[in-house]
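Reviewing the structure listed below.
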Amino acid sequence: MIPYSRQDISEDDIRAVTEILRSDWLTQGPSNVLFERAVCERVGAAHGVATSSATAALHVACLALGLKAGGRLWTTPNTFVASANCGRYCGATVDFVDVDPRSYNLDPARLAEKLAQAERDGVLPDVVVAVDFAGQPCDWDALAALKARYGFRLIDDASHALGATWQGRPVGAMPGADISVFSFHPVKMITTAEGGMALTDDAALAEAMRLYRNHGITRDPERLRGEPDGPWYYEQQLLGFHYRMTDVQAALGVSQLRRLDEFLIARRACAARYDRVLAGLPLEVPWQHPEGVSSRHLYPVRLHDAGRRLAVFEHLRGAGIGVQVHYIPVHLQPDFQQYGHGPGSCPQAEAYYAGALSLPVYTRMSDAEQDRVVEVLAEALL
Ligand SMILES: *Cc1c(COP(=O)(O)O)cnc(C)c1O
C-alpha cells in the first residue's frame, strides 16, 4: 500500500527517545523546554507551549484569548473539525467563511463582506481561525488588515504548514496572528506521535496557555494569590485541563525538527514532480500563491469531472494507493448542521470538495511509487 502520508523515523530519532526512557524524567520536563525553544527559534516566535495535540493547543489558545460562552468564532469549512471545535469547547457559536477557489484557503474577500454585514448586525466575531491548507499560507497581509479594521483576535491553525513561508517569513509568526498552532500527528510535517504546540509573541497569552495546559495550577511564587502554608503549596487559579506533552514525545520532536529541512526538500520535490507529470490530465494541480512557499503537507488535486471522483478514488484504492479526501466541509457535518449550517452556505468549499482528491506525498516516496500513482490515476481518468 502506498499511503497518502507517513512519518519518517530515523535511528537518531529512536536514540533520542530511548535516551529519555532511560532518564529520570518522562512527563513534561526539560525536553519540553528544549522542544519549545527549538520550534520558537525555527519560526521566529517568542513563546512556545507544547501540548498533547494541536486540538488541545487550539483549545487553550481560544481560552487564553478570552473566548467564552456566547462568543463567536469564525473559521474555514475546508479544514479538520478541530479548527472549529475549539470554539465549541468554549461555548462559542461557530460560523464559516467560504474559501478562495484557487488556494482553497479562507477567502479574505468573503471575510471582508461577512465582517461588514456582521458589524451592521452587531455580531462581529471574537476569534477567527485561519488554516494554511495543505501547507500553503493564507494571505496573511489581507487577514491582518481586516483584523486591524474590525478588532477580532486571529489564530493561525498551521497544523499543515511547519516550514512554509509567506513573503519569506516562516509560518508560526505571521502578521496579525495572535497565536499559531502546529500539529505533530504522524502524517504532519514532523511528528511526536501525538502532540501540538501553540506559539505567540505575547508573554501574557503564553502564561495563560501554560496555566490552562496544566489544570490551571501554578507554583510560581510571583503568581500565587494566597499565602503558602508550606513548600508543597500550589494553587488552582482557574479550571484548566491535562494537556501536557511527555518528554518522550518532546525528545522525538527535537530530533525530528533537526530533519525538517530534509523533509521539506523531499516533499517539495515530490510536489514539483507531480506538477510536471500530471499536466494534461483532466484535473487542477494545487495552485500556489506567488508570495507563499508551501510545506506541501498535502497534494490536493481537483478533478474537472467531480462526478467521477468516487470511481477514481475506488480505482486507486483498489490498486493499493492510499488516496484521501481533504476535507468534508465542516459545516456539512451533522453535528454542525444542528446549528443551522448546511448545503449552500459555503458554495466554493462544497464545489471544491466534490472533486477533491489528495494524492500520496511523503518524504520517502520514490519516483517509481509516484509514477505508479500517476499511471493508475491516468488509467482511471482517461
Ligand atoms: C491535524 C489537524 C488538527 C489536529 O491535530 P491533532 O494534533 O491531531 O490534534 C487541527 N487542524 C488541522 C488543520 C489539522 O490538519
Side-chain angles (χ1 to χ4, degrees), residues 3-7 32 35-36 39 48-63 73-90 94 96-97 99 103-106 127-138 154-164 171-172 174 177 179-199 209 212-213 241-246 249-250 252-253 256-257 267 286 294-300 324-331 333 336 349 352-353 356 358 361-362:
Y4 88 87
S5 184
R6 65 158 297 152
Q7 70 274 15
N32 262 256
F35 186 39
E36 289 170 346
V39 177
V49 181
T51 52
S52 50
S53 68
T55 304
L58 287 164
H59 187 191
V60 298
C62 287
L63 289 166
L73 177 143
W74 291 3
T75 188
T76 167
N78 184 34
T79 186
F80 184 56
V81 291
S83 316
N85 286 340
C86 54
R88 292 184 50 197
Y89 296 149
C90 299
V94 174
F96 298 92
V97 183
V99 300
S103 67
Y104 319 133
N105 276 331
L106 189 149
V127 173
V128 172
V129 180
V131 178
D132 305 303
F133 174 68
Q136 163 148 248
C138 297
L154 191 51
I155 296 177
D156 181 5
D157 181 349
S159 291
H160 298 181
L162 181 60
V171 167
M174 288 293 95
I179 298 172
S180 303
V181 169
F182 293 120
S183 171
F184 309 121
H185 179 278
V187 300
K188 305 291 166 76
M189 294 302 297
I190 65 169
T191 191
T192 58
E194 294 283 1
M197 195 180 292
L199 293 106
M209 292 193 289
Y212 280 114
R213 171 179 67 177
F241 299 85
H242 176 181
Y243 281 165
R244 297 187 306 264
M245 177 183 280
T246 69
Q249 293 166 295
L252 178 56
Q256 283 263 298
L257 187 65
R267 284 179 172 276
S294 174
S295 64
R296 298 293 198 164
H297 161 59
L298 298 174
Y299 193 88
Q324 266 294 359
V325 171
H326 299 94
Y327 283 98
I328 302 167
V330 179
H331 68 285
Q333 293 292 348
F336 280 88
Y352 156 70
Y353 164 65
S358 296
V361 51
Y362 48 93

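Ligands are counted one by one from 1 in listed order, and the atoms in each one are counted from 1 as well. Side chains included, hydrogens not; waters and symmetry mates left out as well; all remaining heavy atoms used.
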Query - Heavy-atom side-chain contact between Phe96 and Pro329 under 4.5 Å - result: no
Query - Rounded distance [0.5 Å steps], NE2 in His160 versus CZ in Phe80 - result: 9.5 Å
**Report entry** Tyr327: numbered ligand 1 atoms lying under 4.0 Å from its heavy atoms
**Finding:** 15 (O)
Requested in this report: Indicate yes or no: does an N/O atom of Glu194 lie under 3.5 Å from an N/O atom of ligand 1?
Outcome: no
Query raised in the report: Does ligand 1 have a heavy atom under 4.0 Å from the side chain of Phe182, from its backbone, from both, or from neither?
Result: neither
Query raised in the report: Under 4.0 Å from any heavy atom of Ser159, which atoms of ligand 1 are there?
Result: 2 (C), 3 (C), 10 (C), 11 (N), 12 (C), 13 (C), 14 (C), 15 (O)
Query - Asp157, portion touching ligand 1 at heavy-atom distance under 4.0 Å - result: side chain
Report summary line: min-distance protein heavy atom vs atom 15 (O) of ligand 1 -> His160 NE2, 2.7 Å
Query raised in the report: Under 3.5 Å, N or O to N or O, is His185 touching ligand 1 that way?
Result: no
**Report entry** Atoms in ligand 1 with a heavy atom of Ser183 nearer than 4.0 Å
**Finding:** 1 (C), 5 (O), 6 (P), 7 (O)
Report task. Under 4.0 Å from a heavy atom of Thr79: give me the atoms of ligand 1 that qualify, with their elements. Result -> 13 (C)
**Report entry** Taking every non-hydrogen atom, the tightest pair across Pro137 and Asn105
**Finding:** O-ND2, 3.4 Å
Requested in this report: Considering heavy atoms of the protein only, find what lies nearest to atom 4 (C) of ligand 1 and give residue, atom and distance to 0.1 Å.
Outcome: Thr55 OG1, 3.7 Å
Requested in this report: Examine ligand 1 and decide if any of its atoms is less than 4.0 Å from a heavy atom belonging to Gly195.
Outcome: yes
Query raised in the report: Looking at ligand 1, does any of its N/O atoms fall within less than 3.5 Å of an N/O of Ala54?
Result: yes
**Report entry** Shortest non-hydrogen separation from Cys62 to Cys90 and the atoms involved
**Finding:** CB-SG, 3.7 Å
Report task. Looking only at protein heavy atoms, identify the closest one to atom 1 (C) of ligand 1 and say how far it is in Å. Result -> Lys188 NZ, 1.5 Å
Report task. Record the part of Ser83 in heavy-atom contact with ligand 1 below 4.0 Å; permitted values are side chain, backbone, both and neither. Result -> side chain
Query raised in the report: Can you tell me if Ser159 and Asp157 form a side-chain donor-acceptor pair at under 3.5 Å?
Result: yes
Report task. Could you tell me which atoms of ligand 1, counted from 1 in the order shown, lie closer than 4.0 angstrom to a heavy atom of Val131? Result -> 13 (C)
Query raised in the report: Is it true that Phe241 and Tyr89 have ring centroids separated by less than 6.0 Å?
Result: no
Query raised in the report: Is the backbone of Val361 close enough, under 3.5 Å, to the side chain of Arg267 for a donor and an acceptor to pair up by distance?
Result: yes
Query - Nearest heavy atoms of Ser180 and Gly172, plus distance in Å - result: OG-O, 3.4 Å
Query raised in the report: For the side chain of Gln256 and the backbone of Thr191, is there at least one donor-acceptor N/O pair under 3.5 Å apart?
Result: yes
Query raised in the report: What atoms in ligand 1 come closer than 4.0 Å to a heavy atom of Ala82?
Result: 10 (C)
Query - Euclidean distance, Ser5 OG relative to Tyr362 OH, rounded to 0.5 Å - result: 9.5 Å
